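Taking it in order: structure first as structure tokens, then the write-up.
The sequence lines fix the lettering, A, B, ..., with proteins before strands; numbering per chain opens at 1. Worth knowing before you read on, the calculation uses all heavy atoms, side chains too, and leaves out hydrogens, waters and symmetry mates. All of these numbers come straight from a predicted model, not from anything done at the bench.
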Amino acid sequence: MRSAVTSRYNMQTVLLLAPALLVLAAVFVIPLGRLFSLAFTDPAGTWVPFQTLLTSPVYRQVVANTLVVALAVTAICAVLAWPVAYVLSRLKGVWFVIALYGVLFPFWISVLVRTFSWMLLLERNGPLNRMLAGSGMTDGPIALLFNNTGVMIGMVHVLLPYMILPLYSAMTRIDRRLLLASDGLGAGLLDTFRRIYLPLCLPGLAGGATFVFLLSLGFFITPALLGGANAITLSMLIASFVNDRLAWSLAAAGSLALLLIVLLIMGLTAKMLPLEKGMFAK
Amino acid sequence: MKNTGLPLRLEGVSKRYGKYTALTPTDLTVAAGEFLTLLGPSGSGKTTLLNLIAGYLEPMSGTIEIGSRDVTRLPARQRNIGMVFQSYALFPHMTVGQNIGYGLAVRGVSKAESTRRVSEVLSLMRLEGYADRPIQKMSGGQQQRVALARALVIEPDVLLMDEPLSALDKQLRRTVQLELRRLHQEHGRTTIYVTHDQEEALVLSDRIAVMDQGRIQQLGTVDDIYDRPANAFVAGFIGESNLLPVKVNAVAEGKATTEVEAFRRTIVAPAAPGVEAGQTARLLLRPEHLLLNETDDGVPAEIIEAVYLGELSQYGLALESGQVLTARRITDRSLRTGMKVSLSWDPGHARVVPEN
Ligand SMILES: Nc1ncnc2c1ncn2[C@@H]1O[C@H](COP(=O)(O)OP(=O)(O)OP(=O)(O)O)[C@@H](O)[C@H]1O
Ligand SMILES: [Mg+2]
């Protein structure tokens, strides 16, 4: 009786999942498998693409640069998102709606359009440089475009909502009475923040950071347009393997390496952050 | 835990939310080691008063003293109070031991000392061996005790509890009530306890402050409040009561001569302060003080309902004026619905109280 019920339940689960799984397999898993198989089927030898990548100083530098940019973008997003998420969690009524739309508004405009806008803003003779020079903060135009600065500005702009929203959601779930209780037990503001508020925000922070970091690792349009040849990221390098050199096996090996890096980092963070504790925030 | 806490004194403390007065200027003195209950209906200002004492709210006027220290302008963290919230507000990311030790940790108490005091309070609350449990894995009753332990371990000068048992089922409530009473009897600590359950207030309190409409309507011992209610609200809120509208003709030597329209008689009864000649007031007759057929010249009434409660019975009595009263007597099988009875009472048991 019981096992009949269970198996029927399992059957339903399988049926409900099937369409999504089939689509995913057809358009994602199989092509991905094909791509990765390219990495190992180079006519020059099975491991040649990997050896090429490992021994190439350019590739190593690009990987390092990509990680640095992604980390910096994640950190900047966290710092910028924190006050926004906090204010958002404290606002009510109309002001909340206005602020929320302010956060979501950028989603309505294509990344391409926004990136082109940044190109105009950050130009040598663009508004930003003129403003900086006009206010006397800089002597002449500074290079904001076609370097990591430009890449980071553009990526932070695009990715900021992915940090704000999970953080906001964690903050709203924190019971204000916990903060009152902490206060009543004699904790100063710093203690209350460090021991109560921050740990309860951690799941949101970790979620947002994971989003932003992973998206920045694979970001293409924004670094390609704002960074150019001086600030190459991994995705740009992979694209150039395919477009410029028609080196499919190198591109596949590079993609596989990127995926492995991502998995490694995710595994490490999951191990290090005591997330399951913060999950109880209510 | 030898410290029994400090006395508490409020003078003219008030609170408004916008235009709404949640607490009118209030005076209150609580002795060291006393257990005082704030009892009143929803919205009467109990939580407001408690939060003012705790320091979670700032009063519009007045002063608050704990011991000889004026704490009116101090934040909660500097008042050395122990607060138990209705929802417990336990820290979800900590173990039982970490929750209880929190107040010690932020005070910079050493690890060894903290461990000792936590285990001491754990055994006091009969929670030995639970220190390393995640707080989420504790049952409602256990969480309630952890919340109390967390408030007690810092040896607060005043312990504040806001309906701490309302999340528990009835049975568990009884048990914890008795436990609270045991704790207070053994370790007596100045305590202010909020509830809207009068039975709970009767079980626990040295004194009760009955609140309504942002005002302490009466402050006194259980006997004071039950036998000598200050006004019709207190008389109606505590215990069961028959309250009849009366017109006061004269007041002298603590007794009022009143016209009771429902009885079509003039009655002399002890009067509460505030009852004045020429005004309307209420006559209080507790159901257990009404006598049936003990005199011949009593107020005539008809039994319209008889409910047997075992040893006691409850009778619904209709007067000739149409007014209905409730009486509670030792069960007498000869008294049946439809019977005419003569209603009387010991003159000392009636009481005239101001309307409000
Ligand atoms: N933050 C606030 N803003 C506006 N009005 C409030 C606020 N807090 C409480 N009030 C009002 O003040 C009055 C007293 O509230 P309080 O919470 O002290 O009542 P209470 O006696 O504790 O009631 P309960 O038994 O329901 O907890 C209520 O009418 C309530 O609506
Ligand atoms: Mg309340």
What pairs with A/Ala231 under side-chain contact (heavy atoms from CB on, under 4.5 Å), at least two apart in sequence or on another chain?
A/Asn148, A/Val151
Spell out, as yes or no, whether a donor-acceptor pair under 3.5 Å connects the side chain of B/Arg107 to the backbone of A/Leu185.
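Between the backbone of A/Leu185 and the side chain of B/Arg107 there is a qualifying donor-acceptor contact (under 3.5 Å).
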Interface residues of residues 189-196 of chain A facing chain B - heavy atom cut-off under 4.5 Å:
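A/Leu189, A/Asp191, A/Thr192, A/Arg195, A/Ile196 fall under the 4.5 Å cut-off.
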Can you list the residues that meet the salt bridge (charged side-chain N to carboxylate O under 4.0 Å, His left out) rule with B/Glu113, with sequence neighbours excluded?
B/Arg116, B/Arg117
Positions in residues 46-79 of chain B that reach chain A, provided some heavy atom is under 4.5 Å away
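Expected list: B/Tyr56, B/Ala76, B/Arg77.
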Against chain A, label [X] side chain, backbone, both or neither, depending on which of its atoms sit under 4.5 Å from a heavy atom there.
X	result
B/Leu90	backbone
B/Ala105	both
B/Ile154	side chain

Over 12 foreign heavy atoms within 6.0 Å of [atom1], [X]:
X	atom1	result
B/Arg16	CZ	no
A/Arg114	CZ	yes
A/Phe211	CZ	no

Go through the steps for A/Leu200 and B/Phe91 under the test side-chain contact (heavy atoms from CB on, under 4.5 Å), then give the verdict.
CA-CA 9 Å; A/Leu200 293 177; B/Phe91 304 127; over 6 Å; no
Quick one: closest heavy-atom pair of B/Pro92 and A/Leu178, and the distance?
CD-CD1, 3.6 Å
